[in-house]
Amino acid sequence: MYRDLEHRLAQRIAEFLRSRYPDASLPSVVIEQPPKVELGDFAIPLFPFAKPLRTAPLKIAEAICAGIGSIEGIAEMQVAPPGYLNVKIDRASMAVALSADQKPPAEVPAGKILVEHTSINPNKAAHIGHLRNAILGDTFVRLLRYEDREVDVQNYIDNTGVQVADVVVGFTQIEKKSRAEIEALTRQPRFDYYCWDLYARVSQWYAQDKNNLQARRETLHAIEDASSDTAAIAELISTAVLRRHLETMDRLDIEYDFLPRESEILHLNFWDAAFAKLKEAGVLTYENEGKNKGCWIMRRAGTTSKASTTENAEDTEEPEKISEEDQKVIVRSNGTVGYVGKDIAYHMWKFGLLGRDFNYRKFYRYPNQHECWISAMQGEKDHPHFGNVAEIYNVIDARQSEAQNTVIEALRGLGHNEAADHYTHFSYEMVALTPRCAAELGYTLSEEDKARSYIEVSGRKGFGVKADDLLDRLIASAKNEVDSRHPQLTDAERLSIATQIAIGALRYFMLKFTKQSVIAFDFKEALSFEGETGPYAQYAVVRATSIFKKAEIDLESFCRDVARNVSAESFTKFLAGNNADEFWELWQASAKTSYIVDQCIATTEPAYLAKHAFQLAQLFSAFYHRHPILSEPDEKRKRFLLATVAVVRREMIRTLAVMGITVPPLM
RNA sequence: GGGCGCGUAGCUCAAUUGGAUAGAGCACCGGAUUUCUAAUCCGGUGGUUGCAGGUUCAAGUCCUGCCGCGCCUACCA
């Protein structure tokens, strides 16, 4: 609604200026929000137009104001020094539309979108860093689905890499466990915790004696032979840990559609297909000398050749030499392909550019019956179609941006500029621990670490907060509160509420920071249920609902009735006039949800959504406190206040739902 | 050394991507409920936006140079 109106306004102003000044080349019309509600709903700064039009900004504003005529949905325009045009929405008609939950028709762009997130190495328990990834990714998926885009969610599983090999080494070399014993262990409830500790021990074992690293090399090699016992053990472990990850994420209501695995990328020869194309296009070059002698290399992303900056028309004869430090090894001198190479092949598949496909089988069925598929050597005959998408988003932390850019450059080198342009590295910063938090967890810190503002989590060292532990703590903490507030409920009911609160707190916490900010994790902040938190927003919804409950008004029929029978006049009475701004603020904020969703998608920044949820809740809480509704004697005014609550409540629930947060029946 | 990013209130973070008086939460101080739930609300204290220049009608935001911090920079993934 709001988004639509803003768009129309910008268009009309641009048209007006074009017709008034046909010869001038004009900058685009920027619309922003005035600092205070009294000033209006939209503000157009006219300073950028002063020079091209050779007219003072104020004069331009006056000209628009006087000449533009009426615009549907806009009530009035005002000129504001030193050069703004402030625009007010026709409040009553906007309120009528909002009450009826009208949505202007929007055309949904064609083409499927693939979002890849989570992608945890299946060799240990998920930790808070992985939670940030999964929550950002899942929220982005929900944002896209809110706009009716078709989305596939993929979780890439690196089941043949060093990290899995290390845990295999732990079981076979350190613990001397047999395959049967390991199989029994995988059936333990939290097998991933066992691996967490073991993985840390393996790292220590390597550090003790460099010769121990030989075991890693041998294991890594053995895993590649799918028929070996070692490969079977690796498969056993990685599959069991993967299952645990899916369970952990399911606690947060995060689901996947497809799990492509590195083992299939390897054994279905994706790389061979990609390698041939990359060689043919000259993206990869064979290195004859230096430290990378015998490797197939690519130019490292972000580095530029000296020659290409000048206008060298056609120098394809002589592929220019990449300096050693700008070389990225894709295929090692022993012929094995590295991670980036496999990623290039995988991304060619994503865009349908590889000419090969996975085989698929069912892997995990969610309690809601949703089916999650996995790549396999022998697949099922009937399966959904994955890959071959128009657009991709990879939720991967900022440390991997160079690798991501290398993949994009490879696609460009192959001539797939269209694909490269629709490849978005959804980059975010890591979650680290505050020194206080680390100490709390029982780690001894060096003096140097104590002085830092945060310390990086390390799976290798077993240093971090496990996702399930954090969730358990959040639930326990919320349960304490619910127990004392609602002793009349059954234990199961209280647990269910506490769980919703815990998830609300966690998801909000991970989303309130902008992506590029490192989260210095601290239990005190993460466990907080007050102030700018998920529970604050949930609580606002609960209060809104309880008004209707107490009055024994059925919310749905009330909304239906308002939508059908309300007139603009009945709203005007309360939304116009001098003291109406405090009410209008609620309606205006409620109107913005789609606008905010747009913004989140365009900037790949879900934090704006969290801000929106908080703003709605804050406005509502103040309103709730100031205006007793049920005791309101004026029936018409009471009805207006209820209509206000109903709309704000609806938008809060919607916004929270996009963040993956549900609202408990009471708190 | 090179690449990417960060530096804003005591602490943790925002700032509609260059716009009007830099805003929230926490902490601290003082207040509010016989009322629809106090996981709430209202008020107060708190700022030379790391430093120095520059561009612009307008700079926390862009450019240059410093200072400090983090990450990346393996024939690991």
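From a predicted model like this one, the values you see are computed outputs, not experimental measurements. All heavy atoms count here, side chains included; hydrogens, waters and symmetry mates do not. Sequence lines set the chain letters: A, B, ... in the order given, protein chains first and strands last, and positions in each chain run from 1.
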All N/O contacts under 3.5 Å from nucleotides 69-77 of chain B to the protein, with atom names and distances to one decimal?
{"from": "rG70(B)", "atom 1": "OP1", "to": "Arg452(A)", "atom 2": "NH1", "distance (Å)": "2.8"}
{"from": "rG70(B)", "atom 1": "O2'", "to": "Tyr454(A)", "atom 2": "OH", "distance (Å)": "3.3"}
{"from": "rC71(B)", "atom 1": "OP1", "to": "Glu456(A)", "atom 2": "OE1", "distance (Å)": "3.4"}
{"from": "rC75(B)", "atom 1": "O3'", "to": "Arg332(A)", "atom 2": "NE", "distance (Å)": "3.2"}
{"from": "rC75(B)", "atom 1": "O2", "to": "Ser333(A)", "atom 2": "N", "distance (Å)": "3.1"}
{"from": "rC75(B)", "atom 1": "O2", "to": "Ser333(A)", "atom 2": "OG", "distance (Å)": "3.0"}
{"from": "rC75(B)", "atom 1": "N3", "to": "Ser333(A)", "atom 2": "OG", "distance (Å)": "2.5"}
{"from": "rC75(B)", "atom 1": "N4", "to": "Lys291(A)", "atom 2": "O", "distance (Å)": "3.3"}
{"from": "rC75(B)", "atom 1": "N4", "to": "Lys293(A)", "atom 2": "O", "distance (Å)": "3.3"}
{"from": "rC76(B)", "atom 1": "OP2", "to": "Arg332(A)", "atom 2": "NE", "distance (Å)": "2.6"}
{"from": "rC76(B)", "atom 1": "OP2", "to": "Arg332(A)", "atom 2": "NH2", "distance (Å)": "3.4"}
{"from": "rC76(B)", "atom 1": "O3'", "to": "Arg332(A)", "atom 2": "NH2", "distance (Å)": "3.1"}
{"from": "rA77(B)", "atom 1": "OP1", "to": "Arg332(A)", "atom 2": "NH2", "distance (Å)": "2.2"}
{"from": "rA77(B)", "atom 1": "OP2", "to": "Arg332(A)", "atom 2": "NH2", "distance (Å)": "2.8"}
{"from": "rA77(B)", "atom 1": "OP2", "to": "Tyr339(A)", "atom 2": "N", "distance (Å)": "3.4"}
{"from": "rA77(B)", "atom 1": "O3'", "to": "Asp158(A)", "atom 2": "OD1", "distance (Å)": "3.4"}
{"from": "rA77(B)", "atom 1": "O3'", "to": "Asp158(A)", "atom 2": "OD2", "distance (Å)": "2.4"}
{"from": "rA77(B)", "atom 1": "O2'", "to": "Asp158(A)", "atom 2": "OD2", "distance (Å)": "2.5"}

List, with names and distances, any nitrogen or oxygen atoms from the protein found under 3.5 Å away from nitrogen or oxygen atoms belonging to nucleotides 40-42 of chain B.
{"from": "rU40(B)", "atom 1": "OP1", "to": "Gly531(A)", "atom 2": "N", "distance (Å)": "3.3"}
{"from": "rU40(B)", "atom 1": "O2'", "to": "Arg543(A)", "atom 2": "NH1", "distance (Å)": "2.8"}
{"from": "rC41(B)", "atom 1": "OP1", "to": "Tyr536(A)", "atom 2": "OH", "distance (Å)": "2.4"}
{"from": "rC41(B)", "atom 1": "O2'", "to": "His625(A)", "atom 2": "ND1", "distance (Å)": "3.1"}

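Stems are defined here as 3 or more consecutive Watson-Crick or G-U wobble pairs with pairing distances under 3.5 Å; those involving RNA chain B are B:1-7 with B:67-73, B:10-13 with B:23-26, B:28-32 with B:40-44, B:50-54 with B:62-66.
For Ser546(A), there are no side chain to side chain donor-acceptor pair (under 3.5 Å) partners two or more places apart in sequence or in a different chain. For Lys291(A), the side-chain contact (heavy atoms from CB on, under 4.5 Å) test picks out Glu324(A), with sequence neighbours left out. When the side chain to side chain donor-acceptor pair (under 3.5 Å) test is applied to Thr545(A), the partners found at least two apart in sequence or on another chain are Arg649(A). Judged as a side chain to side chain donor-acceptor pair (under 3.5 Å), and not counting sequence neighbours, Glu62(A) has no contacts. Under the rule for a side-chain contact (heavy atoms from CB on, under 4.5 Å), the partners of Glu289(A) that lie at least two apart in sequence or sit in another chain are Glu287(A), Lys321(A). Scored by the side chain to side chain donor-acceptor pair (under 3.5 Å) test, Lys124(A) finds Gln163(A) as partners (sequence neighbours excluded).
Straight-line distance from the CD atom of Gln516(A) to the P atom of rC4(B): 16 Å, rounded to whole Å. Separating the CG atom of Leu619(A) from the P atom of rG23(B) is a distance of 16 Å, rounded to the nearest angstrom. In this entry the distance linking CG of Leu641(A) with C1' of rC36(B) reads 12 Å, nearest Å. In this structure, Ile596(A) atom CD1 and rA15(B) atom P are separated by 12 Å, rounded to whole Å. As rounded to whole Å, 15 Å separates atom P of rC57(B) from atom OH of Tyr84(A). Distance CG (Leu609(A)) to C1' (rU16(B)): 15 Å, rounded to an integer number of Å. Leu39(A) places its CG atom 13 Å from the C1' atom of rG19(B), with the value rounded to the nearest Å. If you measure from atom CG of Leu630(A) to atom P of rU35(B), you get 13 Å, rounded to the nearest angstrom.
Applying the 3.5 Å distance criterion, the base of rU21(B) shares a donor-acceptor pair with the side chain of Lys36(A).
More than 90° away from 0 lies the glycosidic angle of rU21(B), which makes this nucleotide anti.
Applying the salt bridge (Lys or Arg N to Asp or Glu O under 4.0 Å) rule to pairs touching residues 617-627 of chain A yields Glu582(A)-Arg626(A), sequence neighbours excluded.
If you check every strand for non-hydrogen atoms under 4.0 Å, His612(A) touches nothing.
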Using atom types as modelled, flag every donor-acceptor pair under 3.5 Å from a side chain in residues 39-53 of chain A to any protein atom, sequence neighbours excluded.
{"from": "Asp41(A)", "atom 1": "OD1", "to": "Trp584(A)", "atom 2": "NE1", "distance (Å)": "2.7"}
{"from": "Asp41(A)", "atom 1": "OD1", "to": "Gln588(A)", "atom 2": "NE2", "distance (Å)": "2.9"}
{"from": "Asp41(A)", "atom 1": "OD2", "to": "Ile89(A)", "atom 2": "N", "distance (Å)": "2.8"}

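Phosphate contact (OP1/OP2 of rU35(B), side-chain N/O of Ser631(A), threshold under 4.0 Å): absent.
Mapped onto RNA chain B by nearest heavy atom, Arg485(A) and Phe614(A) fall at different nucleotides, with Phe614(A) at the one closer to the 5' end.
Atom NZ in Lys210(A) sits 13.0 Å away from atom OH in Tyr206(A) (nearest 0.5 Å).
Ring-plane geometry between Phe583(A) and Phe640(A) is classed as perpendicular, the angle between the planes exceeding 60 degrees on a 0 to 90 degree scale with a lower cut at 30. In this structure, Phe623(A) and Phe620(A) have tilted ring planes: the angle between them lies in the 30° to 60° band. Note on ring orientation: taking the six-membered ring where Trp is involved, the planes of Phe523(A) and Phe521(A) are perpendicular (angle over 60°, cut-offs 30° and 60°).
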> side chain to side chain donor-acceptor pair (under 3.5 Å) between Tyr156(A) and Glu262(A): does it pass, once the steps are laid out?
Replying inline: CA-CA 8 Å; Tyr156(A) 180 76; Glu262(A) 191 169 80; 3.3 Å; yes
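In terms of heavy atoms, Val169(A) sits closest to Ala215(A) at CG2-O, 3.8 Å.
Annotation: proximity of residues 46-54 of chain A to RNA chain B (heavy atom, distance under 4.0 Å) is found for Phe47(A), Pro48(A), Lys51(A), numbered in ascending order.
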